[in-house]
Trainee: 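Pasting a structure here, questions to come.
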Amino acid sequence: MTAPIPFTVIGGFLGAGKTTLLNQLLADTAGRRFAVLVNDFGALDIDGKLIAKHGGDTIALANGCVCCTIGDSLVETVLKLLDGPQRFDHIVVEASGVADPGRIADLGVLDERLVRDGVVVVVDAANVRERAADRRVGDTVLRQLQAADLIVLNKVDLAEDLAVLRCFLSTHATAPVLEGSHCAVPSDLLFGLDRRGASGKPSPANSFRSWSYSWPEPVDRAALLDVLQDATVLRGKGIVRFRDSPDRRSVVHQVGKRVDITDGGPWSDTDESQLVLLGVRPVLGSL
Amino acid sequence: MSTIVYAARRIVTMNPSQPFATHVAVRDGRILGAGSLDSLKGWGKFETDERFADKVILPGFVEGHSHAYEGGVWKFPYVGYFDRTSPEGKRSPGLKTLEEVVAALAAYEKTLPRDGSTLFAWGFDPIYFTGRRMELADLDKVSTERPVLVLHSNFHVLNANTPVFAKANITRHTNVHGIVKDARGEPTGELQENTAKFLAYRATGFDLAGVLSDEEATWRFARVAQLAGVTTATDLHNPLPDSTVEGYLKASASADFPIRLLPAFAGASVPTAQAIPRLKELMRKNNDKLRFQLVKLVTDGSIQGLSARMRWPGYYDGTPNGVWNVGPDELDRMVLDYHRAGFQVHIHTNGDEASEVAIEAVEKALATAPRWDHRHTLQHAQMADAGQFRRLKALGMCANLFANHLFYWGDIHYAKTLGPERAERMDACGTALSLGVPFAVHCDAPITPIGPLFSAWCAVNRLTASGRTLGEAEKIPVADALRAITLGAAYTLKLDEELGSIDVGKRADFAILDDDPLTVAPEKLKDVGVWGTVLGGKIFEAPRS
Ligand SMILES: [Zn+2]
Ligand SMILES: [Zn+2]
């Protein structure tokens, strides 16, 4: 069986910058085929030259990606995609402005061809606090923040008081926060893009790094979780032999605050523990 | 061009210049006139038909808020708490305990072929049961081999048996919202959210949406409506895929199809820029019995489903505020787009915050694009207070109130969700009437059974299932309640010049009743028998159980 397809949900309030983020992703996919599910094509800014085929609720791009409108049922749109002839490396869903993206991410367990990746919530630095205090939508905004595995704090150039805003986010969310304007945050971090060697766009100011590890000896679970839960580690992926279950392969998958460890079958003698981390600065002295 | 004059014990016309008559003349499917036999003689040669001589004729009832799913679910056994009548006129008695439900399902299971196919039942309504909730083990008593799915009456919660959970691979480790787990972390058998329910449907290969909206379902819906005296009914939220439109076109083309059907396009299912041309295209297919013209938008959830958007002080029992389906900003934009395109928008609002947001969306649309006689309508508006009704009136809006809720959930609203004061003024027909807001009352079938006389009874008597009177001050007189299920409902659908009263030139759509709803005791209004209907001059007798 082929590896399951990561399923990422982009949440956030209307106008926060979800579409900007998706536009950037589609413009630079690091060679991966994305299926992007949106509520409305209208806002997407797809270069006409890139469009291979426009068929009603689907736009096929020359780079192998496809955009679909969600229509009445997200579940059905996702299943249709999985059952279709085309293969994708990653599925990204844009949640509606008032949706709880955590619920949508549940769809990642719907089918064994999918694996839940992260919930990325885009936050508008210019007005999130005002929105959160609004009696009609405040609870919706806070629910989204709580559901986030990773937060993109967008439009920081428009924020009046960034320090207060950071404090606000840390009281209402546990997810790590990436700051930027015009959603200029490394999509590699958000989507776990792997650009072995070849460099994509020059990294923006808050550049990130990746680290690869391998260990021949079994690893202590608590020590590894400590490292993963460090706020500066944003993504982790690997297969690890834990000291407490040395016969099994433990598959580690981390997006922001969320760490999933699943069983990956029996361990063979020759394998080594492998782990790749993406983060914003080196923190890994402890290993 | 034959003319038939029907004699009746009494004809209640809803026409203010001639409220009552004894005879109605019908030609070419339309009303040629009503009055005394003498007053109709001048129209030329006619035949008299005495079959309704001891009946009472009203304008055909108009159900302003129902869903054609009502027809789909009748393919499957009903296991609800209250008695309910099938499209064939067969009465399913209410099941009053968990044990009765399990026994009924087990008996039904024996009638199914031994092929492992899924047993699906609907209408399960445990809120009046005392004691524990339904568990896997209960439905395992029905079968340990066949998948068993039981959908609750709110259409939100699903129970299943162990074979379903095994096939769907739902275990204590499945981390999906809505899989209810017990204190030990084991799934109990109850599934509450869409994804959780979908896991079960998918594992059993059961296509609920498919069976609920095929052509046969449309026919069953029409029949069950006809049994209740309905001649015009809405299917008030449908994304209208080609297959459904096809079914509607086929069914409505048949001379035997017993109702006029108004599907409301699910306005948020596609971007408005796509929806508007599509709806205009669909309107070209309209015929006498099928009318595309309505748009429906859904703002919040339901009060009893704990998902209504409420203003302060919120849920009586402290439950957190509900969720938006379409939030304030998006609603503003969608209402404006449809409003500008000339459509009438029906907006589902259960909580009073949802009503407020919907009213303001219309207010803003009107400021941007003034338009007369739009009749944008709040659907349910269950918690709307007098201030909101005054705003509806000022803006030219209508309300279709969910009167049936008073009976089916009134006790729960009183004790848990709203508390006494707001429960007593919910579905405020009295306020709507006194302030002159055009209004209708509805059933929201299949949430509650279709039956305009029952809805009218609720508006008149405001009795809950336990017998409590919920808001003496909001009761309305029988005559006004009858108007709300005929001309009043027709007004909210912009059909009031075509049907809804018995008046020269209007469609010959009648409800034929065994008794006179204006002379029976008000508390007996719901028990007035429906003999059948007349639709465009064609007689549809209801099967008798
Ligand atoms: Zn509704
Ligand atoms: Zn409804």
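Residue numbering restarts at 1 for every chain, and letters A, B, ... go by the order of the sequence lines. In this text the structure is predicted, and so the values were computed from the model without any measurement.
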Trainee: Between Glu330(B) and Val98(A), is any pair of side-chain heavy atoms under 4.5 Å apart?
Mentor: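 A side-chain contact under 4.5 Å exists here.
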Trainee: Measuring heavy-atom distances to chain B, does Leu107(A) have an atom under 4.5 Å in its side chain, in its backbone, in both, or in neither?
Mentor: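 When you check distances to chain B, atoms from both the backbone and side chain of Leu107(A) fall under 4.5 Å.
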Trainee: Can you confirm whether Glu130(A) is buried at CD, in the sense that more than 12 heavy atoms of other residues, nucleotides or ligands lie under 6.0 Å from that atom?
Mentor: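 At most 12 heavy atoms, drawn from other residues, nucleotides or ligands, come within 6.0 Å of this atom.
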Trainee: If we ignore hydrogens and angles and just use 3.5 Å, is the side chain of Trp324(B) paired with the main-chain N or O of Arg136(A) as donor and acceptor?
Mentor: yes
Trainee: So Glu112(A) and Asn169(B), do their side chains get closer than 4.5 Å, heavy atoms only?
Mentor: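 When only atoms from C-beta onward are counted, Glu112(A) and Asn169(B) do not touch, as no gap falls below 4.5 Å.
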Trainee: Tell me, side chain or backbone of Leu79(A) under 4.5 Å from chain B's heavy atoms, or both, or neither?
Mentor: side chain
Trainee: Any sub-3.5 Å donor-acceptor pair from Asp106(A)'s side-chain atoms to His177(B)'s backbone N or O?
Mentor: yes
Trainee: Which answer fits Val75(A), side chain, backbone, both or neither, if we ask what part of it has an atom under 4.5 Å from a heavy atom of chain B?
Mentor: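 Contact with chain B: side chain only.
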Trainee: More than 12 non-hydrogen atoms from neighbouring residues, nucleotides or ligands closer than 6.0 Å to NZ on Lys80(A), yes or no?
Mentor: no
Trainee: With rounding to the nearest 0.5 angstrom, report the CD to CG distance, Gln274(B) to Asp57(A).
Mentor: 7.5 Å
Trainee: Closest heavy-atom contact between Asn321(B) and Arg143(A)?
Mentor: O-NH2, 3.8 Å
Trainee: Less than 4.5 Å to any heavy atom of chain A: does that hold for the side chain of Asn325(B), its backbone, both, or neither?
Mentor: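 Answer is backbone: N, CA, C or O of Asn325(B) sit under 4.5 Å from chain A.
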Trainee: Should Val323(B) and Arg103(A) count as side-chain neighbours, where that means a heavy-atom distance under 4.5 Å?
Mentor: no
Trainee: Heavy-atom distances under 4.5 Å only: say whether Arg135(A) touches chain B with side chain, backbone, both or neither.
Mentor: both
Trainee: Flag yes if more than 12 heavy atoms outside Asn194(B) fall under 6.0 Å of its CG atom; otherwise flag no.
Mentor: no
Trainee: Answer with side chain, backbone, both or neither: which region of Asp139(A) has an atom nearer than 4.5 Å to a non-hydrogen atom of chain B?
Mentor: side chain
Trainee: Within the 4.5 Å heavy-atom criterion, are Asn175(B) and Arg116(A) side-chain neighbours or not?
Mentor: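 Asn175(B) vs Arg116(A): side chains apart.
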Trainee: Quick check on the interface: out of Ala273(B), Pro271(B), Ala268(B), who has the most heavy-atom pairs with chain A under 4.5 Å?
Mentor: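 Between Ala273(B), Pro271(B), Ala268(B), the count favours Pro271(B).
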